[in-house]
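Heads up: the structure comes next, in structure tokens.
As the structure lists them, so they are numbered: ligands from 1, and atoms in each ligand from 1. Note that the numbering runs from 1 along the sequence shown for the chain.
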Amino acid sequence: MVGFQIGAASVTRVFEMIDHAEPAPEFFLGDFDEEVFARHRSWLQPRYLEPSTDSVLLHMQSWLVRTERHLILIDSCCGNHKPRPGPGWEHFHMLDTGYMDRFKETGVNPEDIDFVLCTHLHVDHVGWNTRLDNGRWVPTFPNAKYVMARAEHDFWAGVAKDVEAPIVPRNIYNDSVLPVVEAGMAELIDGSGSVGDAITIHPAPGHTPGHFHADLLSQGKRAMFIGDILHSPVQIPLWRWSSRFCVDAEKAKESRREVLALCAERGDLLIPGHFGEPHAAYIKAKGDEFEIDFDVGNGR
Ligand SMILES: [Zn+2]
């Protein structure tokens with residue numbers, strides 16, 4: 001099981017699936033330029049870019065953090081049995097993966113989780129917030145507080161109320177967010193805030209309106225969980241390139257620059273939502289340019 005030790009805190013990866021159905025880089029990344037991208041293609045293949053299809057490879061995974069006092073799950077992947085009908089959504093529609101078995105292999109029970117952090121409320125970050133129980137969506141982690149940014153929650157709640165909006169974003173809110181809100185288990189955060197004894201969250205809008213990053217600090221060691229502030233490691237050297245799934249590409253770019261600079265300055269282990277092996281990276285800065293250090297071991 002992949003994991004990192006950050007001071008007294010341990011971080012364990014809970015794997016859901018590899019998404020082989022994402023678009024090729026020229027469709028995935030705005031500002032795409034083949035000549036620039038070509039310089040990176042060889043190191044991206046086959047781990048982060050599928051050679052046969054040229055698809056951007058994304059790992060669907062959660063991060064389980066054990067601090068001295070709390071158990072925290074960061075981003076809850078896609079979930080099982082969730083209706084995501086229509087073209088473009090096939091790879092998320094009515095999934096049946098072994099995620100929960102792998103979750104339990106960590107030795108943690110769903111009842112033990114104190115906090116579920118949703119960096120943002122996209123389909124692949126909230127799915128296991130709930131599970132199907134006799135035809136009803138119920139919170140998977142019955143004793144947890146589900147932490148999300150108020151700006152993020154309110155944006156998607158608005159989409160869900162809009163009968164003209166596409167069905168899938170409405171389904172995502174209604175089956176994976178609303179049940180925890182109605183159960184009184186959602187904790188909506190304005191701006192920055194702290195979660196338990198070792199994590200703070202900080203707004204990083206752009207990919208979505210209320211996206212945040214979660215910073216772990218334990219015994220002077222740091223890791224930063226950044227959700228989808230970047231999707232592919234190529235967006236570290238090419239940090240100016242936002243994905244086409246970002247609602248505000250300019251803000252996303254600024255948030256990306258800020259987190260990369262912070263990781264480089266403080267020595268945080270950068271833990272994104274979707275990286276393939278080794279699933280995390282250290283960052284080196286040279287002025288406004290950033291390099292990847294994949295020599296992450298079990299953390300430093
Ligand atoms: Zn994602």
Notebook entry, point to check: Quick check: does Asp228 put an N/O/S atom under 2.8 Å from the Zn ion (ligand 1)?
Noted result: yes
Next item on the list: Measure from the Zn ion (ligand 1) to each N, O or S atom of His122 and report whether any distance is below 2.8 Å.
Entry: no
Note to self: Among Arg257, Lys251, Arg256, which residue satisfies the salt bridge (charged side-chain N to carboxylate O under 4.0 Å, His left out) criterion with Glu254?
What the structure shows: Arg257
Notebook entry, point to check: Quick check: does His125 put an N/O/S atom under 2.8 Å from the Zn ion (ligand 1)?
Noted result: yes
Check: What N, O or S atom of Asp124 is found closest to the Zn ion (ligand 1)?
Finding: OD2
Check: Do Asp228 and His122 meet the criterion of a side-chain donor-acceptor pair at a distance under 3.5 Å?
Finding: no
Check: With distance as the sole criterion, is a donor-acceptor pair present between the side chains of His274 and Asp19 under 3.5 Å?
Finding: no
Next item on the list: For the residue pair Trp241 and Phe37, categorise the inter-ring angle as parallel (less than 30°), tilted (30 to 60°) or perpendicular (more than 60°).
Entry: parallel
